[in-house]
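Below, read A as the first sequence line, B as the second, and so on, with proteins coming before strands; counting in each chain starts at 1. In this text the structure is predicted, and so the values were computed from the model without any measurement.
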Protein chains: 2
Amino acid sequence: MTEDMSELRSERASEAIEFKTGSDTDFVNSPLRQRLKDVLLRRILGGAYKAGDRLVELKIAQEFGTSQAPVREALRDLEATGLVISKPRRGTYVAEVLSEGLREIYAVRGALEEQATRLATVRQSCDLAMLELELQGMRVAAAADDLTSLAEHSVKFHRAIVEAAGNRLLTNLWASLNIETRTTITLLVDGIDLMEAANSHRQIIDAIASGDSERASRVAREHQENFERLPTPNTKLRKDT
Amino acid sequence: MTEDMSELRSERASEAIEFKTGSDTDFVNSPLRQRLKDVLLRRILGGAYKAGDRLVELKIAQEFGTSQAPVREALRDLEATGLVISKPRRGTYVAEVLSEGLREIYAVRGALEEQATRLATVRQSCDLAMLELELQGMRVAAAADDLTSLAEHSVKFHRAIVEAAGNRLLTNLWASLNIETRTTITLLVDGIDLMEAANSHRQIIDAIASGDSERASRVAREHQENFERLPTPNTKLRKDT
DNA sequence: GCCATATCGTTTATCGATAATTGATAAAAA
DNA sequence: TTTTTATCAATTATCGATAAACGATATGGC
């Protein structure tokens, strides 16, 4: 048990960066659980943890120098998003269906955003100017080949719509999918046309502006379905393993 | 701190029933967290905890004779469903928007089940015979005025469709909404015609059977929207308090 | 040799205690 | 009197340790 310490400790140094690099949210709140979740999320999506890998709570806790409790809570959060599966007394594993699971999210996003768009369109509560602004941001980012920026603007775009629906539960659930982190990963897929991806948001704006809630909601869903057909990002990421 | 013990202990006795009465799921898994969540859920939905009430972890832990940890996890689960809100270091409160929140769920269920129905219809993966069976069960229950049974069959009905979609994430999310517990509450509303509620599922079966995924998904969503318009069950429950 | 059973190690689930943070209160200064 | 600051109490977030459960392994009977 003690012989692992050197290895783990050396790894801790490299993880420190990963640990400090807060994605975007305020880091005043629930630091440990939140940050742990973020790191684990990146590792899973990034392929550092392979499908089927077991995640032992105490081991992770030791690695980050924390206690078991926050790790446990982080894992539980991840379980809700389907990225890990934990059987009652048998431990937590990275979902076997990972590549499948990564694709599954688009159907769920589609469902939530379809409804959100419908509600927001009916209520006319969307800040179209802001959406336009984010679209511009996406275009600029796409032109500059800046994945991170593109992802950020995209997330803001979609979040704005979801929030405009005025349904907290819907917003909560959407947020729990960790769209922020996943979006970046999605864009890493080879062969994706960034500018096209950015521009595809135009249709959504137009549909919402038209006031036709059924059309708008359909467009929003189909927007997600487009990504569903792309190859799994994970596969591509593994190339350097 | 010790002077509360007598009161708490006496209350524990009455809660023991509530604590043992497992709704329907297997109780082999994660007993404490699960059961605590269930009890708290019932209290919130049943009105024992009022909107804005503060839920102090240690107090609840003492009440049930457990430690803080499982309570914490239960509360966190509830937070995901929007029934409680917890600010970082300030504690957990029953959502102020409770009556609002209770209604919000229908839009979310609508979103998820709309998509699930669409997918299941396209895949033709629905066990229509089972749906028919559950519908019969609902009719029998409605005739006998058996809320619990009606709720159980209804949940099985909808769950079957959601699972038929073959998207685990979707299923997970749907399950996290605690439909099981909430459905019973919904039916407690005065003035709801149980037989009509049961029969309304017929349309869903028919739509799925028709193979028209767009129609089916729309019917599924509208099915939820119907309940959205009903008065808040919470109000009615208070009558025997 | 094969199957049933007991023991063992590993890991989770839970516990009890501590540290740290927040809001409120009270005291002091202007 | 008002404002500022220091202290307090209450509660969460975290910790370290223990207990219980599960799978695997070893042991004994057949």
Practice item. Classify the angle between the aromatic ring planes of B/F157 and B/H201 as parallel (below 30°), tilted (30 to 60°) or perpendicular (above 60°). Key: perpendicular
Practice item. Mind calculating the distance between CG (A/L58) and P (D/dC15) to the nearest angstrom? Key: 12 Å
**Study point:** Charged N-O contact under 4.0 Å between A/E63 and A/R43
**Key:** yes
Check your understanding: What is the distance from CG of A/L36 to C1' of D/dC15, rounded to the nearest Å?
Key -> 14 Å
Review point. OP1 or OP2 of D/dG23 less than 4.0 angstrom from a side-chain nitrogen or oxygen of A/R90, does that happen here?
Key: yes
Check your understanding: Between D/dC15, C/dT14, D/dT12, which nucleotide gets closest to the side-chain atoms of A/L32?
Key -> D/dC15
Check your understanding: Starting at CD of B/Q62 and ending at C1' of C/dG16, how long is that distance when rounded to a whole Å?
Key -> 12 Å
Review point. Could you give the OH-to-P distance, from B/Y93 to D/dT12, as a whole number of Å?
Key: 8 Å
Check your understanding: Could you state the CG-C1' distance from B/D77 to C/dA13, rounded to the nearest angstrom?
Key -> 15 Å
Review point. In whole angstrom, what separates B/E57's CD from D/dT11's P?
Key: 11 Å
Exercise for review: Hey, which sits more toward the 5' end of DNA chain D by its nearest nucleotide, B/V56 or A/R89?
Suggested key: B/V56
Exercise for review: Please determine, by modelled atom types, if A/Q115 and A/R118 share a side-chain donor-acceptor pair under 3.5 angstrom.
Suggested key: yes
Practice item. State which of C/dT14, D/dT12, C/dT11 makes the closest approach to the side chain of B/P70. Key: C/dT14
Check your understanding: What integer distance in Å separates B/K87:NZ from D/dA10:P?
Key -> 21 Å
Review point. A/R72 side chain N/O closer than 4.0 Å to the phosphate oxygens (OP1, OP2) of C/dA13?
Key: yes
Exercise for review: Look at all strands and tell whether B/L55 reaches a base, only sugar-phosphate, or nothing, counting heavy atoms closer than 4.0 Å.
Suggested key: sugar-phosphate
Review point. Which pair of heavy atoms, one from A/L169 and one from B/G82, lies closest together, and at what distance?
Key: CD1-N, 4.2 Å
Point to revise | Given C/dA13, D/dC15, C/dT11, the nucleotide with the shortest approach to the side chain of A/Q68 | key: C/dA13
Exercise for review: Rounded off to whole Å, could you give me the NZ-to-P distance for the A/K59 and C/dT10 pair?
Suggested key: 10 Å
Check your understanding: Looking only at side chains, do A/E163 and A/W174 share a donor and an acceptor under 3.5 Å apart?
Key -> no
Exercise for review: Check every atom of C/dG16, C/dT11, D/dC22 against the side chain of B/S67 and return the nucleotide holding the closest atom.
Suggested key: C/dG16
